[in-house]
Amino acid sequence: MIDLKYLQNNFEEASTKLQKKGVETATLQNLQQLFTTLKDCNATLEASKAEQNSMSKLFGQYMKEGKDISELKTKVNANKEAMIPLQDQARKAEEALYAVALAMPNFPDETVPDGMDEEDNVELRKVLEPKSFTFTPKEHWELSEINGWIDFERGVKLAKSRFSVLKGEASRLERALINFFLDSNRAKGFEEYSVPFLNNATMLQGTGQLPKFEDDLFKIADEDLYLIPTAEVPLTNLYYDEILTEKELPLLMTGYTPCFRKEAGSAGRDTRGIIRQHQFNKVEMVAIAHPDKSAEVFEMMVNNASDILTALGLPHRVVELCGGDLGFSAATTIDLEVWLPGQNQYREISSISNTRDFQARRAKIRFKEGKKNKFVHTLNGSSLAVGRTIVAIMENYQNEDGSIDIPEVLKKYM
RNA sequence: CGGGAGAUGUCAGAGUGGUCGAAUGUGCCGGUCUUGAAAACCGGUGAGGGUCAUACCUCCGGGGGUUCGAAUCCCCCUCUCCCGGCCA
C-alpha cells in the first residue's frame with residue numbers, strides 16, 4: 001500500500017509518479033479525499049469516545065460516595081446514542097478508503113523509464129553471444145516431440161489446457177535445475193525454505209495479489225486458501241506482522257515451489273509449448289532489507305540470476321522495465337530475457353523487483369531503528385523459472401538431429 | 001472427523017465487572033561495580049492511530065452481544081495442546 005500521509009503532503013509529486021503507471025490524477029484525488037474524510041470522522045468520533053470514557057469513570061466514584069447516579073446515566077446514554085451515527089460514518093469511511101487504497105499500485109522509482117508497454121523497456125546489457133547454428137534451430141515443442149520430453153495431451157487430460165507432463169530426461173533435467181538453482185542461491189547467502197503451496201487471503205493481500213487480482217488465482221473451494229502464484233507470497237509473508245531487529249537485516253531467502261496462475265488475461269498468447277502454463281516450477285529469491293540497503297541487495301539479486309544463466313551457458317539480456325510495464329507492487333523491476341534460437345527472440349526467464357515499503361506496509365513488516373518501528377523494504381526475483389530454463393536449454397543446446405546436450409554444470413546433478 | 005483443555009506483552013505467567021495497557025519473573029537496552037566479563041544493584045522497555053509535543057482514541061486470538069463501564073459475563077468462528085479415529 002502506498003503511504004497515504006505522503007500522498008496527503010506531496011500530492012503533486014505523488015501524482016506525477018503514478019502517472020508513469022497510468023493512474024489518473026482524479027483517482028488519486030479521490031483517494032486523498034477519502035483519507036481526509038476518514039481522519040475527520042475519526043477525530044469527531046474519538047472526541048465523543050473520550051467524553052464517554054470520562055463520564056463512565058465517574059460512576060465508580062459516585063457510587064462509592066453514595067451520590068445519585070440517574071442524572072449521569074441520562075447524560076451518558078444520550079451521548080451513547082449520539083455516537084452511533086458517528087461510528088457508522090467512521091466505519092464506512094474506513095471501508096471506502098481501503099477499497100481504493102488497496103487497489104492503488106506502488107510508486108515507481110524516479111529512475112524508471114517512461115513508457116507504455118514492453119516496447120519501451122530499456123535493454124541495459126547483453127550477456128553471452130547467441131551461437132550461430134549451421135541448421136535452422138527448432139522450437140522446443142518440435143524438439144520435445146523428437147525426444148519425447150513433454151506430454152501435452154495427457155497433461156490436458158489430467159487437468160485442462162495449459163497443463164503438461166514432463167517425462168524421462170526432461171523430468172530429470174527439471175529436478176537437476178531446481179537443485180542447481182537452490183545451491184547457487186545458497187552460495188550467495190540465501191537461506192533455503194520449503195513452504196506451504198497454499199496461502200490464506202491475508203497473505204495474498206500482504207504481497208499485493210489480493211484484492212485486485214483474484215481472477216488470476218486458483219482458489220480452494222470452501223476454504224480461505226489459494227494456490228500460490230509464486231513463492232514470493234509465502235517467503236515474504238513469513239514475516240507478516242513482525243518487527244525485526246536492525247541487525248537481522250537483510251534476510252535473504254530462497255525456495256522452490258510450483259506456481260499456479262489462471263493466466264486470465266493471456267488467452268491466445270503462447271498457447272504452444274510450455275512457456276505459459278497454469279502450473280510451473282520456480283526457484284525464488286526474496287529479500288527483506290533495510291531501506292538504505294535495498295538498492296544494493298537488488299543489484300546483487302539481478303547479478304545472481306544473471307550469473308546462473310551464464311553458468312548454464314545461456315545467452316540473455318538484462319532489461320529495465322518502463323513505468324507502464326511495471327507490476328502492481330513493484331517500484332522498479334529488471335527482467336532477464338533468455339535467447340531462444342528456435343523462436344529467434346529473447347523471452348523473459350526472470351523478473352526481479354524492489355517493492356520498497358509497498359508490501360511491507362500491507363504485510364506490516366517492520367524493523368526497530370532505535371526506539372522507532374520502520375517499514376522494511378521487500379524484494380523478490382526468480383532464479384530461475386524452471387520450465388522456461390528447460391525451454392532455453394532445449395533450444396540452445398539442440399543438435400541438427402534434434403538431440404539435446406546437457407550443460408556442463410548440470411551433469412553432476414543428473 | 002469425535003471427546004476434553006486452553007489462547008494475555010519476547011517468552012513464562014497473574015488478573016473473573018470500574019482506578020488494568022495490564023502484577024511478577026524472564027529476555028532485551030542503558031547505567032553502577034569490574035582490567036574485562038559474570039553475578040549483584042538501579043533505570044528503561046508492547047503495537048497502531050492522533051498531536052509540534054502533550055492530551056486523547058483503539059488493541060488482552062478474530063467477530064458479535066450484555067453493561068454507564070469488559071482481558072474479565074454471553075454467543076459464533078479460528079487456532080493450539082491432550083485423548084481417540086483416519087493417514088504419508
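Chain A is the first sequence line, chain B the second, and so forth, proteins listed ahead of strands; every chain is numbered from 1.
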Checking [Y] against [X]: is there a side-chain donor and acceptor pair closer than 3.5 Å?
X	Y	result
A/Q345	A/Q343	yes
A/E51	A/S48	no
A/Y256	A/N179	no

Interatomic distance at [atom1], [N] relative to [M], whole Å:
N	M	atom1	result
B/rU16	B/rA55	P	29 Å
B/rG4	B/rG25	C1'	30 Å
B/rU78	B/rU10	P	26 Å
B/rG2	B/rC86	C1'	12 Å
B/rU19	B/rG69	P	14 Å
B/rC57	B/rU51	P	16 Å
B/rG3	B/rG85	C1'	11 Å

Within the pair [X] and [N], is there a side-chain N or O less than 4.0 Å away from OP1 or OP2?
X	N	value
A/K80	B/rG69	yes
A/K5	B/rG50	yes
A/N200	B/rU78	no

*asked:* Contact between A/N380 and A/L235 at the side-chain level, heavy atoms closer than 4.5 Å - yes or no?
replied: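 The answer is no, as the side chains (C-beta and beyond) never meet within the 4.5 Å cut-off.
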Any-strand Watson-Crick or G-U partner of [N], both distances under 3.5 Å:
N	answer
B/rA38	none
B/rA88	none
B/rC33	none
B/rG6	B/rC79
B/rU67	none
B/rA12	B/rU24

Could you please name the option among [options] that lies closest to any side-chain atom of [X]?
X	options	answer
A/E46	B/rG49, B/rU51, B/rC68	B/rG49
A/N53	B/rA47, B/rG69, B/rU58	B/rU58
A/K39	B/rC68, B/rC57, B/rG50	B/rG50
A/N373	B/rC68, B/rC56, B/rG48	B/rG48
A/K49	B/rG18, B/rU58, B/rG50	B/rU58

*What pairs of residues pass the salt bridge (Lys or Arg N to Asp or Glu O under 4.0 Å) test when at least one of them lies in residues 293-304 of chain A, not counting sequence neighbours?*
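Applying salt bridge (Lys or Arg N to Asp or Glu O under 4.0 Å) to every pair that reaches into residues 293-304 of chain A, excluding sequence neighbours, yields nothing.
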*Sidechain-backbone polar pair: A/T236 side chain, A/E232 backbone, donor-acceptor under 3.5 Å*: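 Side chain of A/T236 to backbone of A/E232, a donor-acceptor pair under 3.5 Å: yes, one is there.
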Give [X] one of three labels, base, sugar-phosphate or nothing, depending on what nucleic acid heavy atoms sit under 4.0 Å from its own.
X	result
A/N79	nothing
A/N42	nothing
A/L45	nothing

